[in-house]
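Taking it in order: structure first as structure tokens, then the write-up.
Remember, it's 1-based here, ligands and their atoms both numbered in the order they're listed. Computed from heavy atoms alone, side chains included, the values below leave out hydrogens, waters and symmetry copies.
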Amino acid sequence: MAKPVSIEVWNPNGKYRVISTKAMPGTRWIRLLTDQDCRVEICTSKKTILSVEDIQALIGEKCDGVIGQLTEDWGEALFSALARAGGKAFSNMAVGYNNVDVNAANKYGVAVGNTPGVLTETTAELAASLSLAASRRIVEADEFMRAGLYDGWLPHLFVGNLLKGQTVGVIGAGRIGSAYARMMIEGFKMNLIYYDLYQATRLEKFVTAYGEFLKANGEQPVTWKRAGSMEEVLREGDVISLHPILDKTTYHLINKDRLSIMKKEAILINCSRGPVVDEVALVEHLKENPMFRVGLDVFEDEPYMKPGLADMKNAIVVPHIASASKWTREGMATLAALNVLGKIKGYPFWSNPNNVEPFLNENSPPPAACPSIVNAKNLGLTASKL
Ligand SMILES: NC(=O)c1ccc[n+]([C@@H]2O[C@H](COP(=O)([O-])OP(=O)(O)OC[C@H]3O[C@@H](n4cnc5c(N)ncnc54)[C@H](O)[C@@H]3O)[C@@H](O)[C@H]2O)c1
Ligand SMILES: O=C(O)[C@H](O)CO
């Protein structure tokens, strides 16, 4: 058994014991819990990634719910420990929940929450930033400047790609993929090709309407195409951004063969999950194709990078910060806390996790519902009528 983990306690006499495995931004989430008779314990350990044993120690003998992080391994061991301690709810402070074994949670009757919606625009903005940084070689140019190498304007200095009129490819056109597509289309007048298991009707309508607007104003209209296969996107896209969930259908979705059909000067962006890309194959491809560029927010073996990646000038790498805006991170903390609180209080689950705004309004009390419970149906929970 691991040593007891250090904690900070809010509302020590609260009836329900809720644990957060990390300090989270803002204070609203703490207030929402303490106002509803929760004792909140926040882990203050300096370890970035807590082990299963650390979290078992935090759960202890009695625990009503846990707010956890995407770096933690929520499987059989933790859900059985939480259920034994009387726990009813766990929420990831993330929209992605590939670190959670939902079947194990179902087995122990524990509700699993996530935080959709509040991070859509923030994450799409980072994908757009990486797209721009890669196309205009901003990181390389910044390093060059700081190294004192700039000795005057030159016609060939850091020549990159113009986005206007090129094709943006999106794989996984859900909330974030669609928001990213809109930014690139409206901002840079790119044409769209996308691949998803489902039709992105709202996105298609947006591009059609924007194309008509441009035409009416004497400009070249933008176009869209729903690809019949992922390969079609990879062949045609100039900038391709990955936004699917991580599951067995998307593991190593970008591999050696698929990289080989992409344009030699294409840009690949990944703000989804690291294992969606075979990073070893990517490093080889970057070495062999110096004009091919990538912007990566996520990595296959986080927090590590595969050997060679850090040396590649044609790669921009940032440490999983796509959702890192203040408003989003505070909102994620709020949604995660309300998922746990709602289940403890026996509230229904919110029937539209694509619209979580009512939970984020600081000036009014949140709806009496759990904002997003991914296994609500498996557990037979009731949907909110609000
Ligand atoms: N880097 C970050 O900080 C960050 C931030 C937020 C989300 N994410 C990741 O982004 C993912 C997407 O988030 P979202 O809110 O847009 O989710 P979403 O559910 O709205 O979108 C995911 C889309 O992927 C599609 N999809 C699933 N399997 C597919 C497949 N095999 N091929 C093609 N498309 C497929 C789905 O149909 C859906 O449209 C999350 O699951 C998370 O892993 C990362
Ligand atoms: O899935 C998520 O929410 C991200 O990776 C963290 O913001």
Which residue and heavy atom of the protein sit nearest atom 1 (O) of ligand 2, plus the separation: R273 NH2, 2.7 Å
For atom 3 (O) of ligand 2, the protein heavy atom that lies nearest, with its residue and separation: V95 N, 2.7 Å
Parallel, tilted or perpendicular, as decided by the 30° and 60° cut-offs, for the rings of H285 and F292: perpendicular
Under 3.5 Å: N/O of A94 near N/O of ligand 2: no
L338/W29 under side-chain contact (heavy atoms from CB on, under 4.5 Å): CA gap, chis, key distance, verdict: CA-CA 8 Å; L338 290 174; W29 70 273; over 6 Å; no
Exam field: side chain T328 to backbone A324, donor-acceptor pair closer than 3.5 Å: no
Per-residue contact class, L119 against ligand 2 - non-hydrogen pairs under 4.0 Å: side chain
Distance-minimising heavy-atom pair for I7 and T44: N-OG1, 3.5 Å
H320 N/O under 3.5 Å from ligand 2 N/O: yes
Identity and distance of the protein heavy atom lying nearest atom 6 (C) of ligand 2: L70 CD2, 3.5 Å
Protein heavy atom at shortest distance from atom 27 (C) of ligand 1: I245 CG1, 3.8 Å
Nearest-neighbour protein heavy atom for atom 7 (O) of ligand 2, which is reported as residue plus atom name and distance: S323 OG, 2.5 Å
Ligand 2 contact by M332, heavy-atom criterion under 4.0 angstrom: yes
Proximal ligand 2 atoms for G96, defined as those under 4.0 Å from one of its heavy atoms: 1 (O), 2 (C), 3 (O)
Contact with ligand 1 for L197, non-hydrogen, under 4.0 angstrom: yes
Step-by-step salt bridge (charged side-chain N to carboxylate O under 4.0 Å, His left out) determination, K287 to E284: CA-CA 5 Å; K287 282 184 188 157; E284 279 316 299; 3.6 Å; yes
Residues E330, R28: salt bridge by 4.0 Å N-O rule: no
Residue pairs, two or more places apart or on separate chains, that pass ring-ring contact (aromatic ring centres under 6.0 Å, His included) and touch residues 103-150: F144-F158
Min heavy-atom dist P116 to ligand 1 below 4.0 Å: no
Test salt bridge (Lys or Arg N to Asp or Glu O under 4.0 Å) applied to D54 and K22, K47, K46, the passing residue: K47
